[in-house]
K.L.:
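Okay, here's the structure, questions in a sec.
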Amino acid sequence: MNKKIIFAASLVLSFQIGFAQQTKTETSKEKQIEAVTITKTKKAVEQKADRTIFDFSEQANLNSGSSLEGIKKLPGMVVTDIAGMMYQGKPLQVYMDGRPMNISTNDLTAFLEGMPASAIDRIEVITQPGAEFPATSGGTILNIITSKSAKNYLTATYSGGYRFSDYDKFRNRFNNSIVLNSRNKWFGWQFSAGQTYAEAFSSNEMDDLSKGFADKYSRGYFAKGAMTFDIGKDRLLLNYDYNTSNNDTYNNSDGTAQFETPIGSGNFVVADYLNLGKGKTKSDRNEITATYQKRFDDKNQKLDIKMNYSNFQSKFDQKGDNFVNFPLGSIQTNTDFNNASNQDFYNLRVDYSQPIKLLDEGKFSFGGLYEKVNFTTDFMGIQNLEYQRQTTSTYAELNAKLKKFSFIAGLRAEDYDISGQSLNVAQNTWDDLTAFKKFELFPNASIQYDFARSLYFNLNYNRKISLPSTGQLNPNNTTFQNPNVDISGNPNVQPTIYDNFEAKLSAFDYAFISYNVSKVDNQVMMYVERDGYNISQTNVNINSLTQHSFNVGLPVPLMIFSKPFSEIMKFNFNPDKINFLYLYAGYQFQDIKEIADKKGMWFFNVTGQFILPYQIKFSPTFSYSTKGNYYFFQATQPIMNRVDLNFSKKFNKDRITLSLFANDIFNSSRMNFKTVNTPSPIYLNNRWDSRQFGFSINYKIPTKNKLAKEDPNMLKNDIPKDDNGGLMNTK
């Protein structure tokens, strides 16, 4: 069949699916008046002008493993040790239930590995955050929504899973979680808790100097509680979150390094070494939030006041035995050190919005924010970093509509006071950090034209800033190190400024095409260099770069190959009950002046849905990337190259969902890079037990009252974009 016909048919089908879904929604509202219970099917992917929403709760291929494993499967998402998490070429600021996580890359990875994906209801990727979002949100926000709707009387949902890998030995992973919801005439409450256990390995090579193998045992636990009190039209919400992890890593590494012998002599000898060690990482995160929502006769007039406090503590210990083979004999040395960090985060936020008479319709929003971060680190019981950040900001934003045009214009003003001190161990003195005390303005503007219902073209501009994470600042190492490898943060890295431009054409919830370009100043990036037999890794600022990104997503219903086009045009079907492929392609190119060998990188993702006999749903996923540049690095092999398979079936009136899955069945996932900013390339290779097999189960215990009234989301969400918070209906 002609490719143009397939493309056109796919677009038309996307349009018609959207009309069918909207019509279905309107019909549902009418039937609800007659007290008939309507079950609404969630959309797997929902495109909005400023965000893409991925439903996790009903997609077994996403919620069968850990949260990190599910996030990696999202089209356009790239997760690497080099650049962290990126979506369509943009670095991500990770939120949970509307609040920024405020933890470093390594801690964030461990956190997401320790939380089962079944605890996630949906994920919002906000690609165009407006003025009401803190300017520190950077280019893109990934908002993980764990909230559930509460019903009258007690309800419960259990989720569990098991998976394994079998490389050099058999390794197990399992998770369990439960969600409880209830309401009485005075208040409503929600509680969720869960645990994960994972055994995994990773191996790495750094040039010809170091090879390592790590056997990791991870244990994670979480608990989330919420209470809501109705005070007339107003509402008071109280939230408490707790997460903890306890991970052990057994390391076996060898390589070639220089050793001073005897110590203090100034005489260095090249020798081979063998390192046997153990690392332990513990972390605890506590967060409490209080939100008062003032409501008025006009439902579009709102006042929200939010107060938030969180504390994150982390400890890392390393013990090891080093066996060094000198020409005249071998010696054994011991390594025993520990470091720790503590972060306190305070936040007060006020948001107000009301409709105004402007053109056909309009809305005016304004608000303010005060935020403070205190961060300290210890090495061997000695404090070696004091860092403080204070931000005061205010914003105003105007929304208006004129016929088929929608306009947004906003301005955010933020005042920063960042300072601190670090301990200079060599001189036993305290050095002042490079201070950042500035007042900055962050404008945003958007114009959208609606060709038809849910078919629109959007142009957007916003200016943002990204402040260094505490992990990038931490002068201590937080991962296992060898005698010739030094990994540490840099307390003097400076904030990053983004100027983002995007053009996007979207067809309902499935088809889209977009191009964006970002002018970036002071991008924080991993920097690796080699000096003889030593390799060091830290963080530095790139003076300036330009990021180009092109993305396209397209559904291809398989019925176009078997049915006449005239029959397809009837569109009397449910999109969740048909066979289709969802195709995604993205291209990113980073123009960095310091890099001579510049290569762009393509990313491809194909997700399928096939309805087999007995209503078994088969969901395969294929992800692949070409070789190309990643800031100061170039991939020598595809960083994405895997095939995942998932079979799922619902039982007991859809209350039980059972899934069987196989991840990376061809065992092809690798992270292989070489530096492109050094005189000679430095090669970094890493692999892990990505091929896994397992199952997951989700059981929704039914309530006795079939027509119990549902409450709005209780677990906190501070994302105030749309009238409904930009969230999908969770009923």
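The structure presented is a predicted model; accordingly, all values stated were derived computationally and were not measured. Worth knowing before you read on, the calculation uses all heavy atoms, side chains too, and leaves out hydrogens, waters and symmetry mates.
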K.L.:
Taking the six-membered ring for Trp, are the ring centroids of Tyr158 and Tyr699 within less than 6.0 Å of each other?
P.N.:
no
K.L.:
Got a sec: does the NZ of Lys315 have more than 12 other heavy atoms crowding it under 6.0 Å?
P.N.:
no
K.L.:
Tell me whether the rings of Phe618 and Phe647 are parallel (<30°), tilted (30 to 60°) or perpendicular (>60°).
P.N.:
parallel
K.L.:
I'd like to know if Asp689 pairs up with Arg173 as an ion pair, taking the criterion as any Lys NZ or Arg NE/NH1/NH2 lying under 4.0 Å from an Asp or Glu carboxylate oxygen.
P.N.:
yes
K.L.:
Please confirm whether the backbone N or O of Ser668 pairs with a side-chain atom of Asp664, one donor and one acceptor, at under 3.5 Å?
P.N.:
yes
K.L.:
I'd like to know if Arg691 pairs up with Asp166 as an ion pair, taking the criterion as any Lys NZ or Arg NE/NH1/NH2 lying under 4.0 Å from an Asp or Glu carboxylate oxygen.
P.N.:
no
K.L.:
Salt bridge or not for Asp321 and Lys278, using N-O below 4.0 Å?
P.N.:
no
K.L.:
Is it true that the NZ or CZ of Lys224 lies under 6.0 Å from the centre of Phe222's six-membered ring and within 45 degrees of the ring axis?
P.N.:
no
K.L.:
Check Glu287 with Arg285, please: is the shortest side-chain N to carboxylate O separation under 4.0 Å?
P.N.:
yes
K.L.:
For Phe174 together with Tyr197, are the ring centres under 6.0 Å from each other?
P.N.:
yes
K.L.:
For Lys280, is the NZ atom crowded, meaning more than 12 foreign heavy atoms sit under 6.0 Å from it?
P.N.:
yes
K.L.:
Measuring centre to centre across the rings, with the benzene-like ring taken for any Trp, is Phe164 within less than 6.0 Å of Phe170?
P.N.:
yes
K.L.:
Classify the ring geometry between Phe326 and Phe259 as parallel (under 30°), tilted (30 to 60°) or perpendicular (over 60°).
P.N.:
perpendicular
